[in-house]
Amino acid sequence: MTGIEQGSQSGTETPKAPRGGNPTAPAGGRTVADAVTPDLVARLTRAVTAGPGAARAATRAPFTGEVLAELPQSTPADVAEAYRRARAAQRDWAALPVRRRAAVLLRFHDLLLRRQDEVLDVIQAETGKARVHAFEEVLAVAGAARHYGRAADGYLRDRRRGGAVPVLTHTVEARRPKGVIGQISPWNYPLELCAGDALPAFAAGNAVVNKPDTQTALTALRVRELLVEAGLPPEVWQIVIGDGPVVGPAVVDGADYVSFTGSTRTGREVAQRAAARLVGASLELGGKNALLVLADADLDRAAEGAVRACFSSAGQLCISIERLYVHRAVADAFLDRFTARVGAMRLGTRLAYGADMGSLVSRRQLETVTRHVDEAVRNGATVLTGGRARPDLGPLFYEPTVLDGVDDTMAVCTEETFGPVVSVYRCDTEEEAVERANATRYGLNSSVWTRDTRRGRAIAARLRTGTVNVNEAYAAAYGSSASPMGGMGDSGLGRRHGAEGILRFTEAQTIATQRLLPIAPSLGMDDERFAAFFTRSLRALKALRLK
Ligand code: NAD
C-alpha cells in the first residue's frame, strides 16, 4: 500500500501528508477537480428546471472539503413548471408501445456499463465513497434496467380475468400509467436511488419530476443525460434541485404518485402530505439492520461478509448492518476474525479502485457517528477496533468501528447511526437472537449466516424485515431485481423491484364487456325468478369450480 490517501485504520500504514500535498492527487491519479470540471457542471445544470436568475448553492467534495459545484436552486414555481412540462411530454411517451419504452432501458443498460467510469467519478466526488461501493450502484441500476427492459411488457400487458357471469362477461384487467411521478431521493446511493426507481416508472409510461438531494444532484443529472442518449424524451424526466423542506412539499403537491427514499422522519411528513391529496406513495426509509451468526456458521465467510455488511459506503446504506447477534459458542472466534479484517481495512480518497472504505458525506453524519460512539463508550461500551475520526485522511473520515458491551438502551443499539459503526451482542440461543433482532421499530434488511441453508431460511421467515439474506450481507436480496425490496414497520411502505416495483406506478383498470344478456331480470323473468335462477346458478358454479 502506497500513497498518502490510503491508510489502514490502525494508522500504522498511513504516512503523514507531506506539506502542500493534495490528498486527492497522488502521482498519476485524477483529482476531484479533474472529474467534476466547470464545463461538466455547466453542461449538466442546463437540465435543471430553474429560472435564469436562480439562487445557487455550493456543494463540497467530502474527500477534501473543497467546493465542487454551484448548483441552481429551483423554487416551488419552478417545480410547478417542471410538472407542466412533464405532463405535456407524458402523453406521447405513454402512447408508445411498452416494448418501445422498454428498449430505451435496454440501450441505457449498455451505455451505463460502457460509460461507467465517468459516472463512478461523479458519484465518488459527490459522496466520498470508495469506488467499489460506487460500482455497486452501477450493478444495481444495470440490473433494474435489464429486468424492467425485459419484463415490463409482461408486467403491464392486459390480463383476462374471470367475468361476472361466465361466457357472458368478458373481463380484462389493464394497467394505466399514473401520470407524473414525484420522486424525492437522498444522497447516499444517488445513482441507484434516482435511476433505480425512475426506470420502472418510465417503462410504465409515466414522466418523472425528480428532486435529488442537492449534494448529489450532479449524479442524477449525469444519469439522466445517459437515459436521454438512450432515447428517453428529455422532457419526460424533469430535475429540480433545492432545499428539502422548501422544494420537497411542492414535488409532493404536484404528483400523481410519490416515490420517496429518505429518513423515516421526512417519510412521515411526505406520506401525510400525499394522503391529504389522496395520492399514493411508496416510502423507502431507515433501518437498524441485524446480522445473525449461528453456531454452525462458516466463521471466515461470516466475518468477511460482515465487513461488507457493515462498512459499504461507510455504513451510509439503508440496508447495511448495525447490530451483530452472535451465538456465544462462536463469539470469540468470530470476533477475532472480524476485528482483524476491520482493522486492516484501507481507507482512501482515490478516484480509483483499491480502498475498502471512503469518507462520510457530511459534517452532520460525522457528528451523529461521533455522538453515538462517544455516548456508548461513556456508558460502558468497549471499542474493539476503530472509534475515531481521521482528519488526517479527509475532513469527514471516521474509522470502521466495532463496539462490544453495548446495552439495549443505548442510541447505538436503538437509533439508526447511518455510519461505519456496528455493535456486537452475544446470544445463547437462536430464539434469543431472533427476538433481539426483531426488537426494533424498523424492519428493512437482515442477514443470517449458517452452514445449514434450510435452517437459515426457516429463521428468515421469523425475521420481521422486508429482505433477508442467507450467507450474504445485502446484495443477494437487493440485487434480485425480480423480487420486491422494501421495509416493514418504520422502514417504509410499498416495495421497489419486481412486480410491485412497477405496478405501483400504474392504475389498475377493469374493462368488462357484457354480452347477450344483462345481469338483471330479462327474457320475461320477474325479480323473484331472476333471484331464484341466480341462486341456483351460483351453487352450480361453486360445485363445478367454475367461479
Ligand atoms: P432525508 O429524509 O433528510 O432526505 C431525503 C430527501 O428528502 C432529500 O432529497 C431531502 O432534500 C428531501 N426532504 C427533506 N425534507 C423534506 C420535506 N419536508 N418534504 C419533502 N422532501 C424533503 O434523508 P437523508 O438523510 O438524505 O437520507 C438518509 C436516510 O435515507 C436514512 O435514514 C436512510 O436509511 C434512508 N434511506 C432509505 C433507503 C431505502 O431504500 N429504504 C435507501 C437509502 C436511504
Side-chain angles (χ1 to χ4, degrees), residues 123 127-129 133-134 136-137 139-141 143-144 183-197 212-213 215-216 219-220 244 258-268 270-271 281-291 306 308-324 357-358 360-362 364-365 368-369 372 412 414-422 437 440-447 463-469 472-481 483-497 500-501:
I123 296 176
T127 64
K129 64 175 71 178
H133 300 146
E136 286 184 356
E137 301 202 48
L139 212 55
V141 170
Q183 182 185 306
I184 299 176
S185 333
W187 43 263
N188 64 323
Y189 271 63
L191 169 63
E192 160 59 7
L193 299 173
C194 286
D197 284 327
D213 194 284
Q215 175 64 30
T216 50
T219 302
V258 179
S259 168
F260 174 83
T261 307
S263 65
T264 299
R265 192 175 53 77
T266 312
R268 267 186 223 290
V270 166
S282 51
L283 308 163
E284 304 291 345
L285 309 177
K288 190 71 192 175
N289 310 304
L291 180 150
R308 280 183 287 116
C310 303
F311 303 117
S312 183
S313 288
Q316 300 167 115
L317 166 62
C318 55
I319 46 183
S320 81
I321 299 294
E322 298 193 352
R323 298 178 294 148
L324 292 179
M357 199 181 94
L360 292 167
V361 78
S362 65
R364 191 182 79 170
Q365 290 304 118
T368 307
V369 169
H372 280 191
V412 79
T414 58
E415 290 173 25
E416 183 183 46
T417 307
F418 219 52
V421 182
V422 66
T440 169
R441 61 197 174 98
Y442 294 111
L444 194 56
N445 179 43
S446 47
S447 169
L463 290 166
R464 293 270 309 147
T465 55
T467 51
V468 185
N469 291 269
E472 181 47 79
Y474 54 79
Y478 198 94
S480 299
S481 308
S483 193
M485 181 273 156
M488 299 184 189
D490 280 7
S491 289
L493 209 60
R495 297 287 184 269
R496 57 165 60 102
H497 297 172
E500 292 179 56

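Numbers here are sequence positions counted from 1.
- Summarising the geometry of R268 relative to D490, their closest heavy-atom pair is NH2-OD2, 3.2 Å, with the distance given to 0.1 Å.
- Within the 4.5 Å cutoff, side-chain heavy atoms of K129 are placed close to those of E137.
- Using a 4.5 Å cut-off on side-chain heavy atoms (C-beta onward), P420 and V369 make contact.
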Test E472 against R308 for side-chain contact (heavy atoms from CB on, under 4.5 Å), laying out the working first. CA-CA 9 Å; E472 181 47 79; R308 280 183 287 116; 2.6 Å; yes
side-chain contact (heavy atoms from CB on, under 4.5 Å) between R323 and L291: does it pass, once the steps are laid out? CA-CA 6 Å; R323 298 178 294 148; L291 180 150; over 6 Å; no
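- We find the CG-OG1 distance between L193 and T219 to be 11.0 Å, quoted to the nearest 0.5 Å.
- C318 pairs with exactly one of N289, L444, L285 by the side-chain contact (heavy atoms from CB on, under 4.5 Å) rule, that one being L444.
- In this structure, the side chains of S362 and Q215 stay at 4.5 Å or more apart for every pair of heavy atoms.
- Looking only at side-chain heavy atoms (C-beta outward), F260 and Q183 stay at 4.5 Å or farther from each other.
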Check the pair T127 / N188 against side-chain contact (heavy atoms from CB on, under 4.5 Å), numbers first and verdict last. CA-CA 7 Å; T127 64; N188 64 323; over 6 Å; no
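- Across L463 and S446, no two heavy atoms sit closer than the pair CD1-OG, 3.6 Å.
- Considering only heavy atoms from C-beta on, H133 stays 4.5 Å or farther from I123 through its side chain.
- Here OG of S320 is found 8.0 Å from OH of Y474. Values are rounded to the nearest 0.5 Å.
- Judged purely by atom type and a 3.5 angstrom limit, T440 uses its side chain to pair as donor or acceptor with the backbone of Y442.
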Could you walk me through whether S259 and S282 satisfy the side-chain contact (heavy atoms from CB on, under 4.5 Å) test, starting with their C-alpha distance in whole Å, then the side-chain angles of each, then the deciding distance to 0.1 Å, before giving a yes or no? CA-CA 5 Å; S259 168; S282 51; 4.1 Å; yes
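- Panel note: side chain T465, backbone G443; no donor-acceptor pair is recorded below 3.5 Å.
- Minimum heavy-atom separation, A144 to G196: CB-O, 4.5 Å.
- For residues 185-195, no residue pair satisfies the salt bridge (Lys or Arg N to Asp or Glu O under 4.0 Å) rule, not counting sequence neighbours.
- Every ring pair (Phe, Tyr, Trp, His ring centres under 6.0 Å) that Y478 has, sequence neighbours left out, goes to H497.
- For the pair N469 (side chain) and A477 (backbone), a donor-acceptor distance under 3.5 Å is present.
- Considering all non-hydrogen atoms of both residues, L324 and C310 come closest at CD2-SG, 4.5 Å.
- Under a 3.5 Å cut-off, the side chain of T216 and the backbone N or O of P212 do not form any donor-acceptor pair.
- Here OH of Y189 is found 14.5 Å from SG of C194. Values are rounded to the nearest 0.5 Å.
- Side-chain contact of T266 with S263: a donor-acceptor pair under 3.5 Å is present, judged by distance alone.
- In the model, T467 has a side-chain atom that pairs as donor or acceptor with a side-chain atom of N445 under 3.5 Å.
- Side-chain contact check for S312 versus L317: some heavy-atom pair is nearer than 4.5 Å.
- The two residues A290 and A437 have their closest heavy-atom pair at CB-CB, 3.8 Å.
- The minimum heavy-atom distance between G494 and E284, with the atom names listed, is O-OE2, 3.9 Å.
- Side-chain atoms of R496 and T261 include a donor-acceptor pair closer than 3.5 Å.
- Checked by atom type and distance alone, the side chain of Q365 never pairs as donor or acceptor with a backbone atom of L360 at under 3.5 Å.
- A cation-pi arrangement is absent between K288 and F418, since the terminal nitrogen or guanidinium carbon is not both under 6.0 Å from the aromatic centre and inside a 45° cone about the axis.
- M485 places a side-chain heavy atom less than 4.5 Å from the side chain of I319.
- Of the N and O atoms on the side chains of T417 and H372, at least one donor lies less than 3.5 Å from an acceptor on the other residue.
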